[in-house]
*Asks:* 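I am attaching a structure below and will ask some questions about it afterwards.
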2 protein chains.
Amino acid sequence: MEAPIKILIADDEADILEIISFHLIKAGFEVFTAKDGSEAIEKANTYAPDCIILDIMMPKRNGFEVCEYLRSNSKFDKTLIVLLTALNDETSHIKGLELGGDDFITKPISPKVLISRITALFRRLQPSTGQNKIINSNDLSIDLTQYKTTLKGVNYVLAKKEFELLYLLAAQPGRVFLRGEILSQVWGNDVIVGDRTIDVHIRKIRAKLGIDCITTVKGVGYKFDY
Amino acid sequence: MEAPIKILIADDEADILEIISFHLIKAGFEVFTAKDGSEAIEKANTYAPDCIILDIMMPKRNGFEVCEYLRSNSKFDKTLIVLLTALNDETSHIKGLELGGDDFITKPISPKVLISRITALFRRLQPSTGQNKIINSNDLSIDLTQYKTTLKGVNYVLAKKEFELLYLLAAQPGRVFLRGEILSQVWGNDVIVGDRTIDVHIRKIRAKLGIDCITTVKGVGYKFDY
DNA sequence: AATCAATATTATCAAATTGTTAACTAGCCC
DNA sequence: GGGCTAGTTAACAATTTGATAATATTGATT
C-alpha cells in the first residue's frame with residue numbers, strides 16, 4: 001500500500017477523537033477529524049477519505065444520517081464506513097449495517113481492536129478490486145481503466161501513446177523492455193515506426209511527470225524504476 | 001446473485017448450530033454445518049463455501065487453527081471467515097483478525113445481527129451488486145426511474161439518448177468508456193450509427209447541464225468526472 | 001582525448017480525433 | 001397536413017496527437 005490510507009473520524013467527544021487519531025496516525029494512516037455530522041460530510045467531500053468512522057450520536061447530523069448521505073452518493077461507493085456507538089443495542093446495529101455501514105464497533109473502544117478491524121476491512125477490500133488495472137509505485141499511480149496518471153495526488157494528463165508506453169513499463173518495474181518489445185506492445189506488429197519515435201515519447205513522459213521514472217539502458221532499451 | 005451463497009458453520013454446541021442454520025437458511029443461504037475443527041476443514045474443502053463461521057472454542061481443532069489453515073491455502077483467498085466466541089476478550093479478537101478473519105462476533109449471538117453482518121460483508125465483496133437506480137454525485141442527481149436529472153435542485157430535461165448516455169457514464173465515475181462500449185450499451189449491438197452521433201450527444205449534455213462533467217480521453221473514449 | 005554509435009532534443013509537418021454547426025429525417029401530437 | 005422534437009448525419013473547423021528528420025548530446029571503447 002503505497003499512498004497513505006486516509007481516514008476521517010467524526011465524534012463529538014474531543015478526547016475520543018484525540019485518542020483514536022493518535023493510534024491511527026501511529027498505525028500509519030492519514031487522519032482527518034470532524035466534531036459533528038455536518039463537518040463530517042464537508043470533510044468527506046473535501047478529502048475523499050478511504051474510510052470514515054462515524055459516531056452514531058453526534059450533533060447537527062447523527063451517524064445514521066451521514067451514513068445514508070454517503071451511501072447515496074456514488075462518489076463514496078468505495079469508501080468504508082465504520083459506525084461507532086455507546087449503545088450495545090441490536091436495533092442500531094442492524095440499522096447501521098442496513099444503511100450501508102461496513103462495520104460496527106461498540107464503545108468503550110479499544111484502539112487495538114479498532115485498528116485490527118480497520119486493517120481487516122482493508123485487507124478484504126483491496127483484492128476485491130480484482131485484477132487491478134492500477135499500478136502504484138511510491139506516490140505515482142497509473143490507472144488503466146481511468147487512463148489517469150497521478151503523482152503525489154496531482155493529476156497528469158498523458159496522451160494515449162504516452163500513457164500506454166508508461167503503463168507497459170510500469171507494469172513490470174525494473175524489467176528492461178527492448179525497443180522491439182515496446183514497439184510490438186504499444187504500436188502493434190503491423191505498424192512500422194522508427195526508433196526515434198520511442199525516444200520522443202519517453203521524453204514527453206519524463207517532461208510531463210517531471211521525475212525520472214524511466215531509465216535508459218543504453219544499447220538495450222528502457223525500464224521503469226521509481 | 002444467481003447461485004445461492006454457501007455458508008459453513010462450525011460450532012460444537014448443537015443448539016447454536018441449529019438456530020443459526022435455521023436463520024441463515026431462512027435468509028436464503030445454502031448452509032453446511034460442522035461440529036468440530038477437523039470436520040470444518042473437511043467440509044470447507046468439499047463444499048468450497050463462500051463464508052465460514054467458526055467458533056473459537058471447538059474440539060479437535062479450534063477456530064484459530066482452522067482460520068490459519070484456511071488462510072494458508074490460496075483456495076480460500078476469497079472465502080469470508082467470521083469468528084465466533086463466548087469471550088469478550090480483546091486478545092482473541094485481535095488474534096483472530098490478524099490470522100485473517102474478516103469479522104468477529106461475540107456470543108450471545110443475535111441471529112439478526114449475524115445475518116446483517118454477513119450481508120454487509122458480502123455487499124462489500126460483491127463488485128457493485130448495488131444496481132442503484134439513482135446516481136448522486138456532488139449536486140448532480142440522475143434518477144433512472146424518473147428519467148430525471150437535477151443539478152443543485154434544478155431540474156434539467158434531457159432527451160432519452162442523452163439521459164441514457166449520461167447515466168451510463170455517471171454510473172461508474174472516472175471509468176473511461178470506449179466508444180464501442182458506449183455504442184453497444186446505449187444504442188445496442190444491432191444498431192449502427194456513426195461516431196459523430198456520440199459526440200453530438202455528449203455536446204448536448206454538456207450544453208444543457210452547463211457543467212463539464214464529461215471528460216474526453218482522446219483516442220480512447222469519454223468518462224464522467226464531477 | 002578521439003571516435004563512433006546510441007540516445008536526447010527540438011522543430012515541423014502529417015494524421016487522427018473530436019468539436020461544432022446546420023441540415024435532414026422520422027415520428028408524434030394537435 | 002403543419003409544427004414540434006429527437007435522433008442522425010454530413011461537412012468542416014479546431015485541436016490534439018504522432019512520426020520524422022535534423023541536430024545536439026551522451027557514453028562507451030579504444
Side-chain angles (χ1 to χ4, degrees), chain A residues 144 147-149 155-169 176-225, chain B residues 142 144 146-149 155-169 176-225:
Chain A
L144 184 60
Y147 263 76
K148 193 173 163 188
T149 313
N155 193 25
Y156 288 82
V157 180
L158 299 191
K160 191 173 172 235
K161 281 271 184 304
E162 290 161 15
F163 185 89
E164 287 168 358
L165 176 48
L166 177 61
Y167 187 83
L168 172 71
L169 297 183
V176 179
F177 286 80
L178 311 182
R179 299 181 96 92
E181 291 182 283
I182 295 176
L183 286 178
S184 67
Q185 293 289 320
V186 178
W187 275 266
N189 286 310
D190 12 275
V191 187
I192 298 170
V193 291
D195 266 7
R196 279 329 92 232
T197 303
I198 298 178
D199 305 15
V200 173
H201 281 94
I202 295 274
R203 177 170 188 283
K204 286 179 178 168
I205 295 168
R206 298 210 256 231
K208 280 191 183 173
L209 294 185
I211 52 169
D212 209 6
C213 55
I214 297 173
T215 307
T216 304
V217 183
K218 227 177 131 90
V220 188
Y222 295 94
K223 67 175 171 180
F224 179 88
D225 236 333
Chain B
I142 306 165
L144 184 60
Q146 301 189 45
Y147 265 75
K148 193 173 162 186
T149 312
N155 193 25
Y156 288 81
V157 181
L158 298 191
K160 187 164 170 258
K161 282 274 184 296
E162 290 161 15
F163 184 89
E164 287 168 359
L165 177 47
L166 176 62
Y167 186 83
L168 172 71
L169 297 183
V176 176
F177 286 80
L178 312 182
R179 298 181 98 91
E181 291 181 282
I182 295 176
L183 286 178
S184 66
Q185 294 289 320
V186 177
W187 275 266
N189 286 310
D190 13 275
V191 187
I192 297 170
V193 291
D195 266 7
R196 276 336 86 236
T197 305
I198 298 178
D199 305 13
V200 173
H201 282 93
I202 294 274
R203 175 168 190 285
K204 286 177 179 169
I205 296 169
R206 297 209 256 232
K208 280 191 183 174
L209 294 184
I211 52 170
D212 208 6
C213 55
I214 297 173
T215 307
T216 304
V217 183
K218 241 179 141 49
V220 188
Y222 294 93
K223 66 176 168 181
F224 179 88
D225 236 333

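Fair warning: this is a prediction, and the values are worked out from it, not measured in the lab. Letters A, B, ... mirror the listed sequences (proteins, then strands); counts begin at 1.
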*Asks:* Send over the distance from Tyr147(A) OH to dT16(D) P, rounded to a whole Å.
*Replies:* 19 Å
*Asks:* Is there a side-chain contact between Leu168(A) and Phe224(A) in this structure, where contact means two heavy atoms from C-beta onward sitting under 4.5 Å apart?
*Replies:* no
*Asks:* Run through Ile214(A), Val217(A), Leu178(A) and flag the one making a side-chain contact (heavy atoms from CB on, under 4.5 Å) with Tyr222(A).
*Replies:* Ile214(A)
*Asks:* What's the CG-P distance between Leu183(A) and dG18(D), to the nearest Å?
*Replies:* 14 Å
*Asks:* What is the distance, to the nearest angstrom, from the CD atom on Glu164(B) to the P atom on dA6(D)?
*Replies:* 13 Å
*Asks:* Between Arg206(A) and Asp212(A), which heavy-atom pair has the shortest distance, and what is it?
*Replies:* CD-OD1, 3.0 Å
*Asks:* Taking the nucleotide of DNA chain D with the nearest heavy atom to each, does Gly194(B) or Val200(A) sit closer to the 5' end?
*Replies:* Gly194(B)
*Asks:* Ile205(A) CD1 to dG18(D) P: how many Å, rounded?
*Replies:* 10 Å
*Asks:* Rounding to a whole Å, what distance do you find between Ile192(B):CD1 and dT9(D):C1'?
*Replies:* 15 Å
*Asks:* Between Trp187(A) and dG18(D), is there a side-chain N or O to OP1/OP2 distance below 4.0 Å?
*Replies:* no
*Asks:* Could you check Ile192(A) against Trp187(A) for side chain to side chain contact (heavy atoms under 4.5 Å, CB included), going step by step and ending with a plain yes or no?
*Replies:* CA-CA 8 Å; Ile192(A) 298 170; Trp187(A) 275 266; over 6 Å; no
*Asks:* Measure from the side-chain N and O atoms of Lys208(A) to the backbone N and O of Val157(A), and report whether any donor-acceptor pair falls under 3.5 Å.
*Replies:* yes
*Asks:* Between which nucleotides of DNA chain C, 5' to 3', does chain B make heavy-atom contacts below 4.0 Å?
*Replies:* dT17(C) to dT21(C)
*Asks:* Starting from C1' on dG7(D), measure out to CZ on Phe163(B) and report it in whole angstrom.
*Replies:* 18 Å
*Asks:* So which nucleotide from dG18(D), dA19(D), dA6(D) ends up closest to the side chain of Val193(A)?
*Replies:* dA19(D)
*Asks:* What integer distance in Å separates His201(A):NE2 from dT17(D):P?
*Replies:* 10 Å
*Asks:* Closest nucleotide of DNA chain D for Val157(A) versus for Asp195(A): which of these residues is on the 5' side?
*Replies:* Val157(A)
*Asks:* Verify the contact: side-chain N or O of Thr197(B) to OP1 or OP2 of dT8(D), cut-off strictly under 4.0 Å; return yes or no.
*Replies:* no
*Asks:* Could you tell me how far apart Asp199(B) (CG) and dA14(D) (C1') are, to the nearest whole angstrom?
*Replies:* 13 Å
*Asks:* Counting any heavy atom closer than 4.0 Å, what does Tyr222(A) reach on the DNA or RNA strands: base, sugar-phosphate only, or nothing?
*Replies:* sugar-phosphate
*Asks:* Within the supplied structure, the quantity of interest is the number of heavy atoms (other residues, nucleotides, ligands) at a distance under 6.0 Å from Lys148(B) NZ; does it exceed 12?
*Replies:* no
*Asks:* With nearest nucleotides of DNA chain C determined for Lys218(B) and Gly219(A) from heavy-atom distances, which residue corresponds to the more 5′ nucleotide?
*Replies:* Gly219(A)
*Asks:* Are His201(A) and Phe163(A) close enough that some pair of their side-chain heavy atoms sits under 4.5 Å apart?
*Replies:* no
